[in-house]
Amino acid sequence: MNQLAIKDNSFLRQFETRVNGHLAKIEYSSQERKVFLTKLVIPEEITQDGFKEDFIKGVLHLIQEQNLRVVPTSPQIAGFLRKNRQYKEMLPVGIRI
């Protein structure tokens, strides 16, 4: 995994990173120790192989460090979690993807 400098911009409620001056972000909302990942935005100028996966993994790691649960409402992020079952324990009880 490439090291990305991911920032939690709590004012705008998004995790963000810059690549060559372009901002990639995952928008979220939070409620009762859960983080709802609502939208993934990656500018078309960011064409690095594996960037999307590395970015999602980095965000999940930040959430995991805070002992929070994750609810992926973005289809792209839900698809990532479906393929990477090691993150299954981060889902709240009763949530299946």
Practice task
Could you state whether F36 and Y87 fall into the same hydrophobic cluster, counting links through intermediate Ile, Leu, Val, Met, Phe, Trp or Tyr residues with side-chain heavy atoms under 4.5 angstrom apart?
Solution key: no
Problem - Closest non-hydrogen atom pair between P72 and I77, with its separation - result: CB-CG2, 3.8 Å
Practice task
Could you tell me whether Q86 atom CD has more than 12 heavy atoms of other residues or ligands within 6.0 Å of it?
Solution key: yes
Fill in the blank from the handout: CD of Q14 to NZ of K7, rounded to nearest 0.5 Å, is 9.0 Å
Practice task
State whether the side chain of S30 and the backbone N or O of V35 hold a donor-acceptor pair below 3.5 Å, judged by distance alone.
Solution key: no
Practice task
Check whether any side-chain heavy atom of R33 sits under 4.5 Å from a side-chain heavy atom of N67, and report yes or no.
Solution key: yes
Fill in the blank from the handout: Here the pair of heavy atoms bringing D54 nearest to L4 is C-CD1, 3.9 Å
Handout entry: N9 side chain vs F11 backbone, donor-acceptor pair below 3.5 Å
Key = yes
Exercise for the section: Look up atom NZ in K34 and atom OG in S29, then write down how far apart they are to the nearest 0.5 Å. Expected result: 11.0 Å
Problem - ILVMFWY cluster, I97 and L60 together (side-chain gap under 4.5 Å) - result: yes
Exercise for the section: Answer yes or no: is there a side-chain heavy-atom contact under 4.5 Å between V70 and Y28? Expected result: no
Problem - Same apolar cluster (I L V M F W Y, side chains within < 4.5 Å links), V59/F80 - result: yes
Fill in the blank from the handout: Here the pair of heavy atoms bringing T38 nearest to S74 is O-CB, 3.7 Å
Handout entry: Pairwise distance CD1(I42) to CD1(I56) - rounded to 0.5 angstrom
Key = 6.5 Å
Completion exercise
Closest non-hydrogen contact found for M90 with Q64 is CE-N, 3.8 Å
Practice task
With rounding to the nearest 0.5 Å, note down the distance linking CD in E27 to CD in E16.
Solution key: 10.5 Å
Practice task
Starting at CD of Q76, measure out to NZ of K39 and round the result to the nearest 0.5 Å.
Solution key: 10.5 Å
Handout entry: Considering all heavy atoms, the nearest A24-F55 contact
Key = O-CZ, 3.7 Å
Problem - Verify same cluster id: I63, I95 (apolar side-chain graph, 4.5 Å) - result: yes
Problem - Rounded distance [0.5 Å steps], CG in L62 versus CD1 in I26 - result: 10.0 Å
